[in-house]
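Residues take their numbers from the sequence shown, with the count starting at 1. Bear in mind that the values here come from a model prediction, so they are computed numbers and not experimental data.
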Amino acid sequence: MNYFQFPVSFGSILVSWNSQGLLSRIEWSENRLALYQRVKVPASLLDLIDEIRSYFYQGEPLSNIPWDFLDQSGWSIFQTKVYQVISTIPHGETRTYGWVARQLGQPSASRAVGQALRKNPLPILIPCHRVFASHSIGGFMGAIDPNQPELKLKRRLNVLEEEYCSPIFSFLTPSVELIGQYR
């Protein structure tokens with residue numbers, strides 16, 4: 001397995017790929033010190049790494065998921081369907097596990113959705129941080145204790161996305177008073 005680690009605004013990201021150059025894992029660490037190594041990153045992943053950096057530093061939305069460049073060999077059919085559904089949740093918005101289950105045509109599968117998201121090997125790219133429980137933030141990256149770094153990251157990612165303002169429409173930045181009314 002090959003990997004490349006790089007610092008982001010809060011922590012560091014490690015991307016791993018298989019021998020075919022397909023992205024297999026994205027891991028976050030609250031440790032901002034990245035382990036630099038001389039490694040040739042597949043050309044198909046270079047733009048994605050730049051996008052992840054821009055996401056963390058400016059809150060810019062990631063482009064469409066490059067499904068053809070992802071190692072999906074260890075995913076079940078159900079996991080694949082869940083990941084495809086959550087990839088449709090717009091930047092800055094959230095949904096519930098129940099919503100995902102209904103989109104799959106399995107309204108009673110909320111817990112199964114949660115388990116599939118727990119196994120998500122590509123958090124941030126496949127935006128499981130946008131899925132909440134109906135009455136709480138839910139889990140993230142296997143963590144359920146709200147004091148764990150992973151759930152703090154989930155909250156920060158959602159705030160980062162909520163606060164993102166497209167440079168094209170920067171004049172539409174809502175006032176702080178307006179934002180406060182809807183939280």
Side-chain angles (χ1 to χ4, degrees), residues 1-93 95 97 100-101 103-106 109 111-131 138-143 149-151 153-154 156-158 160-161 164:
M1 190 69 61
N2 300 297
Y3 67 91
F4 176 69
Q5 187 175 13
F6 55 96
V8 292
S9 57
F10 37 96
S12 63
I13 297 291
L14 182 129
V15 294
S16 304
W17 59 92
N18 65 17
S19 58
Q20 290 83 40
L22 298 175
L23 182 65
S24 55
R25 289 200 69 69
I26 295 177
E27 298 177 42
W28 171 83
S29 170
E30 64 182 327
N31 182 355
R32 196 154 157 38
L33 298 175
L35 303 172
Y36 289 100
Q37 67 180 53
R38 298 190 88 139
V39 62
K40 184 173 168 95
V41 177
S44 60
L45 302 181
L46 290 174
D47 287 340
L48 177 61
I49 289 170
D50 285 341
E51 282 190 45
I52 291 172
R53 283 185 176 129
S54 293
Y55 173 81
F56 272 91
Y57 286 106
Q58 287 91 33
E60 292 181 11
L62 297 172
S63 61
N64 293 331
I65 296 174
W67 295 104
D68 293 339
F69 297 116
L70 306 183
D71 179 2
Q72 302 174 42
S73 61
W75 302 0
S76 70
I77 293 169
F78 184 76
Q79 282 175 290
T80 302
K81 289 178 182 178
V82 168
Y83 301 158
Q84 289 170 343
V85 166
I86 66 168
S87 72
T88 67
I89 303 171
H91 185 88
E93 295 185 20
R95 302 291 188 271
Y97 297 106
V100 176
Q103 298 307 301
L104 295 169
Q106 300 179 35
R111 287 182 185 238
V113 166
Q115 290 304 309
L117 295 181
R118 182 178 198 191
K119 296 175 183 176
N120 178 5
L122 304 168
I124 298 150
L125 179 62
I126 297 177
C128 54
H129 61 277
R130 296 180 188 153
V131 183
F140 186 56
M141 297 168 59
E150 294 83 0
L151 284 172
L153 173 64
K154 182 175 184 173
R156 287 185 82 174
L157 293 176
N158 281 286
L160 180 72
E161 290 186 10
Y164 173 73

K.L.:
Can you tell me how far CG of L151 sits from CZ of R156, rounded to the nearest 0.5 angstrom?
P.N.:
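R156 atom CZ to L151 atom CG measures 14.0 Å (nearest 0.5 Å).
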
K.L.:
Please give me the minimum heavy-atom distance between Q106 and F78, naming the atom from each residue.
P.N.:
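Nearest pair, atom of Q106 first, then F78: OE1-CE1, 3.7 Å.
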
K.L.:
L46 vs D50, test: side chain to side chain contact (heavy atoms under 4.5 Å, CB included). Steps then yes/no.
P.N.:
CA-CA 6 Å; L46 290 174; D50 285 341; 5.5 Å; no

K.L.:
The criterion is side chain to side chain donor-acceptor pair (under 3.5 Å); which residues satisfy it with D47, sequence neighbours excluded?
P.N.:
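For D47 there are no side chain to side chain donor-acceptor pair (under 3.5 Å) partners, ignoring immediate neighbours.
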
K.L.:
Identify the heavy atoms of Q79 and K119 that sit nearest to each other, and give their distance.
P.N.:
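For Q79 versus K119, the nearest heavy atoms are NE2-CB, 3.4 Å.
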
K.L.:
Are L104 and V113 close enough that some pair of their side-chain heavy atoms sits under 4.5 Å apart?
P.N.:
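Of all side-chain heavy-atom pairs linking V113 with L104, at least one is under 4.5 Å.
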
K.L.:
Contact between L45 and F4 at the side-chain level, heavy atoms closer than 4.5 Å - yes or no?
P.N.:
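Contact flag for L45/F4 side chains = no.
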
K.L.:
Is it the case that atom CG in N64 sees more than 12 heavy atoms from other parts of the structure closer than 6.0 Å?
P.N.:
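Count not over threshold, so no.
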
K.L.:
Does the side chain of R95 reach to within under 4.5 Å of the side chain of P90, using non-hydrogen atoms?
P.N.:
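Of all side-chain heavy-atom pairs linking P90 with R95, at least one is under 4.5 Å.
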
K.L.:
Could you tell me whether the side chain of E30 reaches within less than 4.5 Å of the side chain of F10, counting heavy atoms only?
P.N.:
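No, too far: nothing below the 4.5 Å cut-off.
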
K.L.:
With the side chain counted from C-beta on, respond yes when L117 and F140 share a heavy-atom pair under 4.5 Å apart, and no when they do not.
P.N.:
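No, their side chains stay 4.5 Å or more apart.
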
K.L.:
Hey, is the main chain of W67 close enough, under 3.5 Å, to the side chain of Q72 for a donor-acceptor pair?
P.N.:
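Such a contact is found between Q72 side chain and W67 backbone.
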
K.L.:
Is the backbone N or O of E51 less than 3.5 Å from a side-chain atom of S54, with the two atoms forming a donor-acceptor pair by type?
P.N.:
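Not at all, since once roles are kept as given, no pair shorter than 3.5 Å links the two residues.
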
K.L.:
For the atom pair CG (N31) and CG (L14), what is the distance rounded to the nearest 0.5 Å?
P.N.:
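N31 atom CG to L14 atom CG measures 12.0 Å (nearest 0.5 Å).
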
K.L.:
Side-chain contact, heavy-atom cut-off 4.5 Å: Y55 with H91?
P.N.:
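Of all side-chain heavy-atom pairs linking H91 with Y55, at least one is under 4.5 Å.
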
K.L.:
Drop me the distance from L122's CG to N120's CG, to the nearest 0.5 angstrom.
P.N.:
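If I round to the nearest 0.5 Å, the distance is 6.0 Å.
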
K.L.:
Using 0.5 Å steps for rounding, measure from the OG atom of S63 to the CG atom of L125.
P.N.:
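One gets 8.5 Å once the value is rounded to the nearest 0.5 Å.
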
K.L.:
Is there a side-chain contact between W75 and L70, using heavy atoms and a 4.5 Å cut-off?
P.N.:
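The answer is yes; the side chains approach within 4.5 Å.
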
K.L.:
Kindly give the heavy-atom pair with the smallest separation between G11 and W28, and that separation in Å.
P.N.:
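Smallest heavy-atom distance, with atoms named: CA-NE1, 3.9 Å.
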
K.L.:
Under a 3.5 Å distance rule, please check whether Y83 uses its side chain to pair with a backbone N or O of A116 as donor and acceptor.
P.N.:
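Side chain of Y83 to backbone of A116, a donor-acceptor pair under 3.5 Å: yes, one is there.
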
K.L.:
How long is the span from the CD atom in E161 to the CD atom in E93, to the nearest 0.5 Å?
P.N.:
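With rounding to 0.5 Å, CD (E161) is 10.0 Å from CD (E93).
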
K.L.:
Any donor-acceptor pair under 3.5 Å linking the side chain of W17 with the backbone of D71?
P.N.:
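Judged by distance alone, no pair lies under 3.5 Å.
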
K.L.:
Looking only at non-hydrogen atoms, find the nearest pair between I65 and S87 and report the distance.
P.N.:
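Nearest heavy atoms, I65 then S87: CD1-CB, 3.3 Å.
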
K.L.:
With rounding to the nearest 0.5 angstrom, report the CD1 to NZ distance, I124 to K154.
P.N.:
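Nearest 0.5 Å value for the CD1-NZ distance: 12.5 Å.
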
K.L.:
Specify the closest pair of heavy atoms between P121 and S24, including all atoms of both residues, with the distance to one decimal.
P.N.:
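Closest heavy-atom pair between P121 and S24: CB-O, 3.5 Å.
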
K.L.:
Write down the atom of Y57, the atom of P7, and the distance for their closest heavy-atom approach.
P.N.:
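For Y57 and P7, the tightest heavy-atom pair comes out as OH-O, 3.7 Å.
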
